[in-house]
Amino acid sequence: QKNLVQFTADKDIRTPHACLEGGCGSCKCRLLDGKVEIVPHDALSEEEIAKGIILACQAKPKSNFIKISYDLEWTQQIKSAVKLFMRISF
């Protein structure tokens with residue numbers, strides 16, 4: 001089964017990612033709705049996990065509807081955070 005990064009790529013939706021192995025944390029996002037299976041990884045702290053942060057490259061959908069939020073901080077170009085809400089139907 002595909003993870004969220006693979007699924008969004010198949011739908012021509014660009015999402016942040018790099019290693020695709022759960023090590024870098026560049027695909028961190030917050031699960032707002034739906035259920036995912038999480039593959040073990042090292043990029044998230046226990047505090048982040050408790051807050052509902054997941055790695056899209058390690059999350060496999062387990063419900064028909066998933067809603068996630070990416071908090072992107074552009075430290076050199078933009079000084080505020082931009083939120084991209086994505087609704088994905090399976």
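These numbers were taken from a predicted model, which means no experiment stands behind them. Computed over heavy atoms, backbone and side chain alike; hydrogens, waters and symmetry mates excluded.
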Side-chain donor-acceptor pairs under 3.5 Å in residues 49-61, sequence neighbours left out?
| residue | atom | partner | partner atom | Å |
| --- | --- | --- | --- | --- |
| Lys51 | NZ | Glu47 | OE2 | 3.2 |

Between atom CG of Leu44 and atom CD1 of Ile38, what is the distance when rounded to the nearest 0.5 Å? 8.5 Å
Any chance you could measure Leu4, atom CG, to Cys27, atom SG, to the nearest 0.5 Å? 9.0 Å
All pairs passing side chain to side chain donor-acceptor pair (under 3.5 Å) where residues 22-35 contributes a residue, at least two apart: Lys28-Glu48
Taking all atoms of both residues into account, what is the closest heavy-atom pair of Ser63 and Gly34, and its distance? OG-CA, 3.4 Å
Using the test salt bridge (Lys or Arg N to Asp or Glu O under 4.0 Å), find all partners of Asp10 that sit at least two apart in sequence or belong to another chain. Lys2
Contacts of Glu37 meeting salt bridge (Lys or Arg N to Asp or Glu O under 4.0 Å) (sequence neighbours excluded), chain-then-number -> Lys62
